Novice: 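Here's a structure for you.
One-based numbering, in listed order, for ligands and for the atoms of each. Keep in mind that the numbers below use all heavy atoms, side chains included, and drop hydrogens, waters and symmetry copies. In this text, all values refer to a predicted model and were calculated from it rather than measured experimentally.
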Amino acid sequence: MFTRAITRKPGKNFEQGITTTFSSDPPNYELILIQHESYLETLNAIGLDIIQLESLPNFPDAYFVEDTAVVTSDVAVITNPGAESRKGEEKSIAAALAPFRESGRIQAPGTLDGGDVLQIGTHFLIGLSERTNQEGAEQLGRFLEKFGNTWTTIQVGAGLHLKSSVNYVGKNTILVTEEFANHEQLTEFELIAVDKSEAYAANTLWVNGYLLTPKGYPDTRQRLEKLKSEIIELDTSEIRKMDGGLTCMSIRF
Ligand code: CIR
């Protein structure tokens, strides 16, 4: 069970963050604040105390805190984010985590975004993507091994991060997009593949036994029902416009 989550308020200039998602409606600040707030309320209601950090004016993507640290029960590894405009976000995260965990750091030329790291028990799948390179994965792997964990890398061909497409949802089951539906590295798991039209909903967050899933993806919701976990739908319309989702906005530990 997780008892804490580090989060950060989206800044007024959040729409200057990196995005590849076309939207005819510009991202709306009032609305993202409402959506972020209801995300925090939900995490709090399912047992996590929220440590909410202030927005960072020079870093419009900084509320996607997950990318800046990988936290296990033993260690906090502060990342070297893969996107140039996001390097530096990790400083205040390191300070926020310092009271709770011994920490390590990913050093250049290694780069790594937390969105590429999927923990399944004591095993970690590390996505190699536009943001995370082999060197970054190996550095993280060495920290994880010190504490008895295992890790493997997996190629992320489509989507921003591994967890844009692949998420553990409990009961030995992984929710995946079509691209990962027959993946040779995932054969030991039950897979639930989302329909192509609902690929965004693959970014569902399993936390403390609950499934937090984006609102408006009815087919995925129905497929998740067989897991018999409580499902909570959250509106992420503005977050999606910035290529983000439910896993990215908190570091849970
Ligand atoms: C970025 O491109 O870095 C942000 N606009 C979105 C980051 C989303 N993070 C995540 O999926 N872990």
Novice: Heavy-atom distances under 4.0 Å decide this one: backbone, side chain, both or neither, for D61 against ligand 1?
Specialist: side chain
Novice: Give a yes/no verdict on a cation-pi contact between R101 and F253, requiring under 6.0 Å between NZ or CZ and the six-membered ring centre and an angle within 45° of the axis.
Specialist: no
Novice: Does ligand 1 come near enough to R86 that some N or O of the ligand is less than 3.5 Å from an N or O of the residue?
Specialist: yes
Novice: For atom 5 (N) of ligand 1, what is the closest protein heavy atom, and at what distance to 0.1 Å?
Specialist: I18 O, 2.7 Å
Novice: Checking S237 against Q35: is there a side-chain donor and acceptor pair closer than 3.5 Å?
Specialist: yes
Novice: Which residue supplies the protein heavy atom nearest to atom 12 (N) of ligand 1, what is that atom called, and how far is it?
Specialist: D67 OD1, 2.8 Å
Novice: I need the atoms of ligand 1 closer than 4.0 Å to a non-hydrogen atom of E66, numbered in the order shown.
Specialist: 12 (N)
Novice: At a 4.0 Å threshold, what atoms of ligand 1 neighbour a non-hydrogen atom of D243?
Specialist: 6 (C), 8 (C)
Novice: I'd like to know whether ligand 1 has R131 as a neighbour, heavy-atom separation below 4.0 Å.
Specialist: yes
Novice: What's the verdict on side chain to side chain contact (heavy atoms under 4.5 Å, CB included) for L186 and F180, showing C-alpha distance, side-chain angles and the deciding distance?
Specialist: CA-CA 8 Å; L186 303 178; F180 288 87; 4.3 Å; yes
Novice: Report, in ascending order of atom number, the atoms of ligand 1 lying under 4.0 Å from any heavy atom of F64.
Specialist: 4 (C), 5 (N), 6 (C), 7 (C), 8 (C)
Novice: Which ligand 1 atoms are under 4.0 Å away from a heavy-atom of G115?
Specialist: 12 (N)
Novice: Tell me whether R8 is salt-bridged to E54, with the criterion being a basic N under 4.0 Å from an acidic carboxylate O.
Specialist: no
Novice: Quick one: do the T68 and E89 side chains pair a donor with an acceptor below 3.5 Å?
Specialist: no
Novice: Assess, by modelled atom type and distance only, whether the side chains of D243 and T20 contain a donor and an acceptor separated by less than 3.5 Å.
Specialist: yes
Novice: Which residue in the set D67, D116, D61, D113 passes salt bridge (Lys or Arg N to Asp or Glu O under 4.0 Å) when paired with R131?
Specialist: D113
Novice: So is H161 polar-close to ligand 1, meaning N/O to N/O under 3.5 Å?
Specialist: yes
Novice: Considering distance alone, does some N or O of L160 sit under 3.5 Å from an N or O of ligand 1?
Specialist: no
Novice: Which of these passes side-chain hydrogen bond (donor to acceptor under 3.5 Å, both in side chains) with T7: Q52, H36, E66?
Specialist: Q52
Novice: Looking only at distances, can you tell me whether any N or O atom of C248, backbone or side chain, sits closer than 3.5 Å to an N or O atom of ligand 1?
Specialist: no
